[in-house]
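Index from 1, following the sequence.
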Amino acid sequence: EGESGYRASAAEYIAALEVLDREIAACIDRVPDADRKLVTSHDSLGPFADRYGIEFVGAAIPALTTQAQPSAGETAELVELIESEDVRAVFPEAGVSASLEEAIADETGAAIGGELWADALGPEGSSGATYVEAMRSNATEIASGMSGGEVSCSG
């Protein structure tokens with residue numbers, strides 16, 4: 001009985017996602033290709049990187065969960081990779097301690113990028129309260145961090 005309403009809502013949401021996809025692509029396209037390198041807390045943003053032509057260089061925690069712990073060797077390898085790839089920023093996940101990412105950034109000279117929404121949405125009123133808001137926020141933070149603050153997704 002509610003089918004027409006559900007179909008209308010689905011079509012409206014799909015249209016909003018298509019607009020979001022174009023917005024993110026246009027924003028990331030403003031980042032020079034050589035700077036499109038992503039290091040995050042963990043690799044759950046790999047599909048985002050693939051979609052928008054970003055090279056996923058590595059993760060502070062080389063697992064899909066923030067509950068895992070990296071070994072000293074894995075961290076040292078990531079530090080070397082960040083330095084050799086000239087990665088400009090390391091992005092922590094929102095809501096998770098950024099101490100490992102901060103240590104890696106200090107070691108490599110990379111900046112700490114803005115927090116990214118990866119595994120969960122944020123509380124109401126946050127930049128990650130909905131999927132659309134979270135993806136828009138991620139694009140903004142990633143573009144700014146990868147470009148050293150030179151690229152903004154707004155305007």
Side-chain angles (χ1 to χ4, degrees), residues 1-68 70 78 81-82 85-102 104-105 108-155:
E1 133 183 350
E3 179 181 354
S4 65
Y6 297 136
R7 287 190 185 278
S9 292
E12 184 178 311
Y13 193 63
I14 288 168
L17 292 175
E18 289 170 344
V19 167
L20 174 67
D21 181 53
R22 288 190 300 273
E23 287 175 1
I24 293 171
C27 178
I28 299 301
D29 282 348
R30 292 195 294 260
V31 176
D33 289 344
D35 292 335
R36 291 186 201 173
K37 297 176 182 177
L38 185 63
V39 174
T40 61
S41 295
H42 56 87
D43 62 2
S44 63
L45 287 170
F48 182 96
D50 288 344
R51 174 86 179 156
Y52 300 107
I54 300 168
E55 178 186 350
F56 187 82
V57 174
I61 303 168
L64 286 176
T65 174
T66 55
Q67 302 303 313
L78 180 59
L81 191 55
I82 290 169
E85 292 288 326
D86 198 26
V87 174
R88 294 181 83 168
V90 176
F91 298 90
E93 182 179 341
V96 178
S97 170
S99 59
L100 178 58
E101 291 82 354
E102 290 168 357
I104 290 169
T108 62
I112 285 288
E115 291 184 326
L116 304 181
W117 300 100
D119 286 345
L121 297 177
E124 189 173 328
S126 73
S127 64
T130 68
Y131 177 79
V132 170
E133 290 170 327
M135 292 301 100
R136 189 171 283 129
S137 175
N138 285 352
T140 297
E141 296 298 349
I142 289 169
S144 178
M146 288 188 310
S147 69
E150 294 177 16
V151 173
S152 170
C153 289
S154 59

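- Among all heavy-atom pairs drawn from A139 and C27, the shortest one is O-SG, 4.2 Å.
- Side-chain atoms of T108 come within 3.5 Å of backbone atoms of I104 as a donor-acceptor pair (strictly under, hydrogens ignored).
- Residues E141 and F91 come closest through the heavy atom pair O-CE2, 3.2 Å.
- The shortest heavy-atom contact between D43 and A59 is N-CB, 3.8 Å.
- Annotation: ring-ring contact (aromatic ring centres under 6.0 Å, His included) contacts of F48 (sequence neighbours excluded): Y52.
- S41 contributes a side-chain N or O that, together with a main-chain N or O of E93, makes up a donor-acceptor pair within less than 3.5 Å.
- Side chain of S144 to main chain of T140: no donor-acceptor pair is present (N/O by atom type, distance under 3.5 Å, no hydrogens or angles).
- Judged by distance alone, the side chain of D35 and the main-chain N or O of S147 form no donor-acceptor pair under 3.5 Å.
- Side-chain contact between R88 and V39 is absent, with no heavy-atom pair separated by less than 4.5 Å.
- Of all heavy-atom pairs spanning V57 and E85, the tightest one is CG1-CG, 4.3 Å.
- Within the structure, the salt bridge (Lys or Arg N to Asp or Glu O under 4.0 Å) test picks out the following pairs touching residues 14-25 (sequence neighbours left out): D21-R51, E23-R136.
- Of all the heavy atoms in G113 and P92, the pair that sits closest is O-CD, 3.4 Å.
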